[in-house]
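Structure record follows, encoded as structure tokens.
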Amino acid sequence: MDYFVSVLVPMIGGLGVTLSVFAITLIASIPLGFAFTLMARSRIGVVKGFAEVYIYILRGTPLLLQLLFVYFGLPLIPGIGAALTFDRFPAACIAFGLNYAAYFAEIFRGGLLAIDKGQYEAAKVLGLTRGQTMLRVVIPQMIRVCLPSVTNETITLLKDTALVTVIGVSEVLHYAKAAVNRDANTFAFLVAAGVYLVVNFVITLIFKKLEQKYNF
Amino acid sequence: MNQIIQVSNLNKSFGDNHVLRDISFEVDRGDVVAIIGSSGSGKSTLLRCLIDLEKADGGTVCMEDKALFKDGQYGSPAEIRAIIAKMGMVFQHFNLFPNLSVRKNLELAPKVVRKEDPRTIGERCEKYLGKVGLLDKIDAMPGTLSGGEKQRVAIARALMMNPDILLFDEPTSALDPELTGEVLTVMQELAEEHMTMVVVTHEMGFARSAANKILFMDGGIILEEGSPEDIFVHPKNERTRTFLQSITRKE
Amino acid sequence: MNKKHIILMVLIACVAMIALAGCGSSSSSSSEEVKNDDQTFVVGLDDSFPPMGFRDENNNIVGFDVDLAKEAGKRMGQEVKFQVINWDTKEMELNNDKIDAIWNGLSITDERKKNMDFTKPYLENDQIIVVKNGSTIAAKADLAGKKVGCQKGSSAYTALMADSIASQIDGAKPTEFDDNVSCFQDLGSGRIDAMVVDSVVAKYYIRKNEADFKILSDNLSPEKYGVAVKKGNTEMLNKIQKAMDEMIADGTAGNISKTWFGEDIIYKGN
């Protein structure tokens, strides 16, 4: 039992980092993703093209690679490199935020496609502006359609946070590994798995509640 | 000024398909205009051009002497919005907002577009729901309503903005036959209360009893125009007669 | 929703990201971010490499190299900070000035000399072969056709691949692991037949776990540990070397060695 506690304690510290990256990524990538969704639907060629290229690149390369690029690669760009030098934790958040925005962009795009054109028309003839239509009619319906996919992405995100270890940010799994290497047994991995499952359970519960709320 | 809508030489094409060819007609205040014709004759497109759901390619549409578009040229979005504000529309597929209750469906536009006082909105909401006979459903979600109930709510929602003219795009075509009656009754009442209405419909019974002007459309033009008496009893055009026969055979 | 709204939302998201990330890093003084400035001697290490650098039961970073580095820092007149890094990216960390030195059981190899500068060696180490007791493998030649494992990015890997036996092992290359413990585990379970690893690490693991392993007398390459700095950073290198020379001369390094290995095994040659 003592051993369990001694292994768990540093992991809780790591959990703080895991949850920070998790939360910051969600808060940043959801609105950013939605912005890209709108850009990808734009009638202005340049805007639409930019959004599509962004989504293609960010989804088409490994997150691991993007992490390394943001942390090691950006500072090396001639000229603006100095301004793009980030510390480890911010670099991790930025890479994650940009990456997940691309995935959310596509999820939201699918959600919008599912919305009947008649909704926009009814709103228009009632006099609602485009913004009001989006906010009060379209987005609530889009959320309902997208929730299962968003739940999926969120759960994936929790597990992806383990990748930050590659640029030296220590989260749950890292401390588990340290304990495993020190003690030469894999008990700590079991504990780490338990930690992830508990957090996952909470996340799943929250999303279930959300689905109920949007079940109109 | 008696004319609410003036349409001259309205033209609209979808690619190679010339759907509306030089349409011209007028709607006076208090008119109930029924537009009839077979599918593909352009009836819905005509309605949608009047309320800016489609952009016309040519012609002029004026509402109370203000041009929605003149010779195919549209004004600024603000000008268009001001003209459209006086019109309301009821759709074939109801288009209620499924995420909002019946009450919220009705109150949304007056609240966010006209920023009216909540109490005034609430009273009007109850009045119009009572008028269409659905006051008891005021807090229901649209998903729980029958087709006929949805359409009546849609009519109440359109009325909430106090339109000068109401457009109906095949309002009963998506309803089971036993439910069309409740909707047509509401529309009949509106007509008797002198609401200006333009109705695209296949319900000849309604057209005969409620409308004072019938437009028969065929192949993108108004083939024949007149009172119900003129059209139903003494149709001048061969094709009008054929159409009416095919409809009555179905009835 | 027009252009302005979109731009606004993108800006808000970016600002939120950077602001929150900034908060995260400044409040993470207890976590791993280490600022590299002139007052600090930042040592990069993989904290999963006992006994050179690892975490004890209280989660503190300890180890033979850690103690040496702390002592060196004292003599260099700088505060020593330990930055946990990923072993795969250690070269990038060094070259991008994220760390000042790598001091973590780093074997001096010709390959690595191309990319970094080393101090004089301070510890002898061999790349040796570990097998289970009772294994039919008794010598290096017996590795032919067998599954061999080692740590990713390690000099064990380099030593193995440089040896002629490499082309004869199963798959012509070893199974690579993130860390040595996983490799030992697979050795114990029989998933691999043999493992190439630093003798120092093997001895620690076997003793700690009373593992049923055997170290073969054949070794792949004798090698030595050194401290590495960014290529061309002569100033830093000289500072470290001077400190180390002092530590060895006055016996401090020897004492640290006795604490960890039971004897003074500091390499004093060139």
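Between the CG atom in Asp46(C) and the NZ atom in Lys177(A) there is a gap of 6.0 Å [rounded to 0.5 Å]. Here the CG atom belonging to Asp47(C) is positioned 7.5 Å from the OH atom belonging to Tyr175(A), to the nearest 0.5 angstrom.
With a threshold of 4.5 angstrom between heavy atoms, Thr186(A) approaches chain C through its backbone and through its side chain. Heavy atoms closer than 4.5 Å to chain A are found in both the backbone and the side chain of Glu57(C). The contact between Asn96(C) and chain A is made entirely by side chain atoms (from C-beta outward), counting heavy-atom distances below 4.5 Å. Within the 4.5 angstrom heavy-atom criterion, atoms from both the backbone and the side chain of Pro10(A) approach chain C. Contact annotation for Phe54(C): only side-chain heavy atoms (C-beta onward) come within less than 4.5 Å of a heavy atom of chain A. Looking at Asn58(C), neither its backbone nor its side chain comes within 4.5 Å of chain A, counting heavy atoms on both sides.
When the shell of 6.0 Å around OH of Tyr56(A) is examined, it contains 12 or fewer heavy atoms from other residues, nucleotides or ligands. With a 6.0 Å radius and a threshold of 12 heavy atoms from other residues, nucleotides or ligands, Lys147(C) has its NZ atom at or below the threshold. No more than 12 heavy-atom neighbours from other residues, nucleotides or ligands sit within 6.0 angstrom of CG on Asp2(A). Lys231(C) NZ: more than 12 foreign heavy atoms inside a 6.0 Å radius.
Ile167(A) is not listed as a side-chain neighbour of Asn86(C), based on a closest heavy-atom distance of 4.5 Å or more. The shortest distance between side-chain heavy atoms of Leu68(A) and Thr89(C) falls below 4.5 Å. Using a 4.5 Å cut-off on side-chain heavy atoms (C-beta onward), Met92(C) and Tyr71(A) make no contact.
Between the Arg182(A) side chain and the Asp56(C) main chain, a donor and an acceptor come within less than 3.5 Å of each other.
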request  = List the steps and the verdict of side chain to side chain contact (heavy atoms under 4.5 Å, CB included) for Asp87(A) and Lys98(C).
outcome  = CA-CA 9 Å; Asp87(A) 284 343; Lys98(C) 312 285 188 188; over 6 Å; no

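Shown here for Val84(C) and Arg88(A), the closest heavy-atom pair between the two residues is O-NH1, 4.4 Å. Taking both residues in full, the closest heavy atoms of Ala178(A) and Ser48(C) are given as CA-OG, 3.6 Å, listed atom of the first, atom of the second, then distance.
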